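So the structure is just underneath, and the comments pick up after that.
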Amino acid sequence: MEQIIAPETRVDRRALVAAGITVVLWASAFVAIRSAAQYFSPGALALGRLLAGSVVLGVIWLARREGLPPRAAWPGILGSGLLWFGLYMVVLNWGEQEVDAGTAAMVVNVGPMLIALLGGWLLREGFPPRLLAGMAVSFAGAVVVGISMSDGGRASIVGVLLCLLAAVTYAGGVVCQKPALKHASALQVTTFGCFVGTAACLPFAGPLVTEIAAAPLPATLNVVYLGVFPTALAFTTWAYALARTTAGKMGATTYVVPALVVLMAWAVLGEVPGWLTLAGGLLCLAGVAVSRGGGKAREPGNVTSTT
């Protein structure tokens, strides 16, 4: 009896590459936001980023002629668009103005744990022990990174609550998005989710116009970068990978982001990390390695068996 390697292996590798692109670009977003936030208010920054992302995604969607998403995908698209593309981006930008970067990182990293819990409950993905153990290790690493980067404990209650709201909306958006990917492509779900988020942020159009006129060109280019790469490209590769694994495992993968942010801030901004920060980053990576192990999630239609 000859064993034939199923196409699932190749799909998983492509999904892993897509997830890798996502976390690298999302990590780079923290550096870009830090620069742009000096000149743009939270709502204007979110709208500018979403407008740039919508233009790029819209052009690609038209070029590929994928058409409108099926009706069954729209509840998830609307939910993820409002919660993740819209509300999350505004409250995260706002929260990071109220607390130091370390505190924000610690609080927002509650999100992947909420994704695992909501995915296990609402999406019936279960609660694999390796996933929960790996997330606990990664969260501990995120806390270490946050403590090492915190500015003497300066954190307003409002800022902490905003970052917590960002974590909740992030988790809710992912859980909404996962079912939509059963009915529509990653490009369709991302494009129309971005359109929905953009529409939700249109009340910030006035401040955006005013602030673009006053901002230096590099700050405006940072907003465009955020829209093209961490939004249009990274959210599409995220959706591609999410369609091929569980929400819990994808959420755990984002714990790589704090470690990458430390390295990027070191390389780009000259912020030399301390040993405690590096140790926390290594814990994040170790936790992701644990959570991604222990077998592959099998989605309906992704399993091929031959004899």
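Keep in mind the model is a prediction, meaning the values are calculated, not measured.
- Annotation for Cys194 and Ser54: closest pair SG-OG, 3.4 Å, computed over non-hydrogen atoms.
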Contacts table for residues 79-89: side-chain donor-acceptor under 3.5 angstrom, sequence neighbours left out:
unit_1, atom_1, unit_2, atom_2, d
Ser80, OG, Gly76, O, 3.0
Ser80, OG, Ile77, O, 3.2

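- For the pair Lys178 (side chain) and Leu242 (backbone), a donor-acceptor distance under 3.5 Å is present.
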Check residues 217-225 and write down every donor-acceptor pair under 3.5 Å in which the side-chain atom is one partner and the other belongs to a residue at least two apart or another chain.
unit_1, atom_1, unit_2, atom_2, d
Tyr225, OH, Ser28, OG, 2.7

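- The distance from atom OG1 of Thr231 to atom CG of Leu57, rounded to the nearest 0.5 Å, is 8.5 Å.
- Here the side chain of Thr245 pairs no donor or acceptor atom with the backbone of Ala241 at under 3.5 angstrom.
- Heavy-atom minimum distance, Tyr240 versus Arg14: OH-NE, 3.0 Å.
- Atoms CD1 and CG, on Ile33 and Leu92 in that order, are 6.0 Å from each other to the nearest 0.5 Å.
- Tyr170 and Pro112 get closest at one heavy-atom pair: CE2-CD, 3.9 Å.
- The cluster map of Ile, Leu, Val, Met, Phe, Trp and Tyr, joined by side-chain heavy atoms under 4.5 Å apart, puts Tyr39 and Trp94 in different clusters.
- Under the 6.0 Å cut-off for aromatic ring centres, Trp26 and Phe235 qualify, their centroids lying closer than that.
- Rounded to the nearest 0.5 angstrom, Leu187 CG and Thr236 OG1 are separated by 6.0 Å.
- Side-chain heavy atoms closer than 4.5 Å link hydrophobic residues (I, L, V, M, F, W, Y) into clusters, and following such links, possibly through other members, connects Val189 to Val174.
- In this structure, Leu202 is not a member of the same hydrophobic cluster as Val55, with clusters built from ILVMFWY side-chain heavy atoms closer than 4.5 Å.
- With hydrogens and angles disregarded, no donor-acceptor distance shorter than 3.5 Å links the side chain of Gln177 to the backbone of Ala239.
- Counting only heavy atoms from C-beta outward, the side chains of Pro69 and His183 never approach each other to under 4.5 Å.
- Not a single donor-acceptor pair under 3.5 Å links the side chain of Thr191 to the backbone N or O of Gln188.
- In plain terms, the two heavy atoms of Ala186 and Leu181 that are nearest each other are CA-CD2, 3.9 Å.
- Considering every non-hydrogen atom in both Phe192 and Gly67, the closest pair reads CE1-O, 4.4 Å.
- A continuous path of ILVMFWY side-chain contacts below 4.5 Å connects Val17 to Leu233, so both sit in one hydrophobic cluster.
- Without hydrogens or angle criteria, Arg65 side chain to Trp61 main chain gives no donor-acceptor distance under 3.5 Å.
- Shortest non-hydrogen contact noted between Val90 and Ala46 is CG2-CB, 3.7 Å.
- Here the straight-line distance linking atom CG of Leu47 with atom CZ of Phe204 works out to 8.5 Å at 0.5 Å rounding.
- Using a 4.5 Å heavy-atom threshold, the side chains of Thr190 and Trp238 count as separate.
- Annotation for Phe195: atom CZ counts as buried by contact number, over 12 foreign heavy atoms lying within 6.0 Å.
- In this structure, the side chains of Leu51 and Leu208 come closer than 4.5 Å at one or more pairs of heavy atoms.
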